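Have a look at the structure below, then the notes.
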There are 2 protein chains.
Amino acid sequence: MLSLTCKTAIKAVIYLASKHQSGHKASIKEIAEFIDASEHTVGKMLQTLVREGVINSVKGPNGGFYVSGKQINQPIISIIEAVDGKEVFRQCGLGFSKCSSSHPCPIHDDYKVVRDLFEKMCREKSVNDLCEPVNSGLAYLFG
Amino acid sequence: MLSLTCKTAIKAVIYLASKHQSGHKASIKEIAEFIDASEHTVGKMLQTLVREGVINSVKGPNGGFYVSGKQINQPIISIIEAVDGKEVFRQCGLGFSKCSSSHPCPIHDDYKVVRDLFEKMCREKSVNDLCEPVNSGLAYLFG
DNA sequence: AAAATAAAAGTATTTAAATACTTTTATTTT
DNA sequence: AAAATAAAAGTATTTAAATACTTTTATTTT
């Protein structure tokens, strides 16, 4: 459902959230290394997130990326919408470009339940919700 | 979650199921046209399905593809496993190559619910279950 | 037996996502 | 002011999935 870039974005933002308390700004290289992703992908993707207001950045020496107190409480759906767009949660399970209740694919009703459950989770989980288990060693950002 | 080839496979098998009663064998071209997909993709994919025993084929004049009475009652998960493999239902929501309850990603538990719901649907819905609404004009194979 | 038809198999190309690389711009440090 | 650092932006290449093309094999019809 989510592109690889989007999954990388979620991990990166959670990483930044884990540094929020310390006030530390993380570089592209540092983030990429920690989440085991390509620097180039991470760099390009972080720019998109900054542009969409999901995270912040500072150029120059001691520059880097960080999240504000408000941003740490945003739901992860804002990351998803910034990278993959809003249509992620309206995609047809069988690849139709137009699938609706008036012209449905054969699994439309069943798939809608799955998709809506996923969307609900993405709306309800904040960056901080996912960051806490990482900070306490119960979840990881690589594997 | 499913590759485009896999979604095409599901539509193609449902199409063949819709022809089951008439005993009609469908050609690659006919199937591709009806589900609005590339002949080449459909041709290659149908071979895989035949090889995996999901559908049957006959070469030569009056040849084509068809499903047996037994195959029409198989769950669509057999199509999915033939094309995308069994690991479709074990993929990590954040792209980890190894994500488990002992080394989970931050959304592991929540995503597992979504993934398991999707798998459950794929195990319970048979080809025939999805074919019936298509035959009665309540669902479509293109759009 | 030969011709026609159509799947099966093999090989090649395109496409879009992911990744790579270079230059510009902004900021801090000296 | 100059140098160093690092993000921002622009451009290019690679990769894997999807699609395209050709040849072989199997089957039916004549």
Side-chain angles (χ1 to χ4, degrees), chain A residues 1-13 15-16 19 23-33 35-67 80 82-85 87-88 91 94-95 97, chain B residues 1-13 16 19 24-33 35-67 80 82-85 87-88 91 94-95 97:
Chain A
M1 280 187 186
L2 305 180
S3 68
L4 191 58
T5 301
C6 190
K7 292 170 181 173
T8 302
I10 294 171
K11 290 181 283 196
V13 177
Y15 179 74
L16 292 179
K19 299 299 178 189
H24 173 70
K25 291 190 200 70
S27 68
I28 292 170
K29 187 179 179 67
E30 176 189 337
I31 298 169
E33 280 178 358
I35 65 176
D36 197 28
S38 155
E39 264 188 67
H40 308 292
T41 300
V42 169
K44 180 70 74 178
M45 175 269 294
L46 289 172
Q47 287 176 29
T48 299
L49 293 179
V50 171
R51 188 155 59 240
E52 300 292 326
V54 173
I55 60 176
N56 305 296
S57 67
V58 175
K59 280 169 152 174
N62 296 333
F65 297 88
Y66 68 98
V67 286
I80 295 168
V83 178
D84 282 353
E87 57 281 1
V88 158
Q91 277 164 352
L94 291 187
S97 47
Chain B
M1 281 186 185
L2 304 181
S3 69
L4 190 58
T5 302
C6 190
K7 293 169 181 174
T8 302
I10 294 170
K11 290 182 282 196
V13 176
L16 292 179
K19 299 297 179 191
H24 173 71
K25 292 192 198 70
S27 68
I28 291 171
K29 187 179 178 71
E30 175 190 338
I31 298 169
E33 281 177 358
I35 64 176
D36 198 26
S38 155
E39 265 188 66
H40 309 293
T41 300
V42 169
K44 180 69 76 179
M45 174 270 291
L46 288 172
Q47 287 176 28
T48 299
L49 293 179
V50 170
R51 189 154 59 240
E52 301 291 327
V54 173
I55 61 176
N56 304 298
S57 67
V58 175
K59 279 168 153 175
N62 296 334
F65 297 88
Y66 68 98
V67 288
I80 295 168
V83 178
D84 281 352
E87 58 281 2
V88 159
Q91 279 164 351
L94 292 187
S97 48

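Chain letters run A, B, ... following the sequence lines, proteins first, then strands; residues in each count from 1. What you see is a predicted model; the values in this text were computed from it and never measured.
Minimum interatomic distance between A:Ser57 and A:Tyr66 (heavy atoms only, all atoms of both residues): N-CE2, 4.1 Å.
Not counting sequence neighbours, A:Lys59 has no partner by the side-chain contact (heavy atoms from CB on, under 4.5 Å) test. Applying the side-chain hydrogen bond (donor to acceptor under 3.5 Å, both in side chains) rule to A:Asp36 yields no partners; only residues at least two apart in sequence or on another chain are considered. In this structure, the side-chain hydrogen bond (donor to acceptor under 3.5 Å, both in side chains) partners of A:Asn56, at least two apart in sequence or on a different chain, are A:Gln71. Here A:Tyr15 pairs with A:Glu30 under the side-chain hydrogen bond (donor to acceptor under 3.5 Å, both in side chains) rule; sequence neighbours left out. Residues passing the salt bridge (Lys or Arg N to Asp or Glu O under 4.0 Å) test with A:Lys44: none are found, sequence neighbours excluded. A:Glu52 is linked by a salt bridge (Lys or Arg N to Asp or Glu O under 4.0 Å) to nothing, counting only residues two or more places apart in sequence or in another chain.
Map A:Gly64 and B:Thr8 each onto its nearest nucleotide of DNA chain D; the residue landing nearer the 5' end is A:Gly64. Position along DNA chain C of the nearest nucleotide to A:Glu39 versus B:Arg51 favours B:Arg51 as the more 5'-ward residue.
Nucleic acid contact for B:Ile28: sugar-phosphate only, since backbone atoms but no base atoms lie under 4.0 Å from a heavy atom of the residue. Residue contacts for B:Lys44: at a heavy-atom cut-off of 4.0 Å it reaches a base atom on one of the strands shown. Contacts of A:Gly43 with the nucleic acid, taken as non-hydrogen atoms under 4.0 Å apart, are absent.
Evaluated for a side chain to side chain contact (heavy atoms under 4.5 Å, CB included) with A:Lys11, the options A:Ile31, A:Val42, A:Leu16, A:Ile35 yield exactly one hit, A:Ile35.
Within residues 54-62 of chain A, the residues having any heavy atom under 4.0 Å from DNA chain D are, by residue number, A:Ser57, A:Val58, A:Lys59, A:Gly60, A:Pro61.
To the nearest 0.5 angstrom, A:Met45 atom CE is 7.5 Å from A:Ile55 atom CD1. In this structure, NZ on A:Lys19 lies 14.0 Å from NZ on A:Lys25, to the nearest 0.5 angstrom.
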**Asked** Given pairs defined as Watson-Crick or G-U wobble with both distances under 3.5 Å, what dot-bracket annotation applies to DNA chain C, with ( ) intrastrand, [ ] crossing, | other strand and . unpaired?
**Response** ||||||||||||||||||||||||||||||

Could you go through residues 2-10 of chain B and list every donor-acceptor pair under 3.5 Å that involves a side-chain atom there, pairing it with any protein atom two or more places apart or in another chain?
from   : atom 1 : to      : atom 2 : distance (Å)
B:Ser3 : OG     : B:Cys6  : N      : 3.1
B:Ser3 : OG     : B:Asp84 : OD1    : 2.7
B:Ser3 : OG     : B:Asp84 : OD2    : 3.3
B:Thr8 : OG1    : B:Leu4  : O      : 2.9

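Using a 4.0 Å cutoff to heavy atoms of chain B, the contacted part of DNA chain C runs 5' to 3' from C:dA4 to C:dT11.
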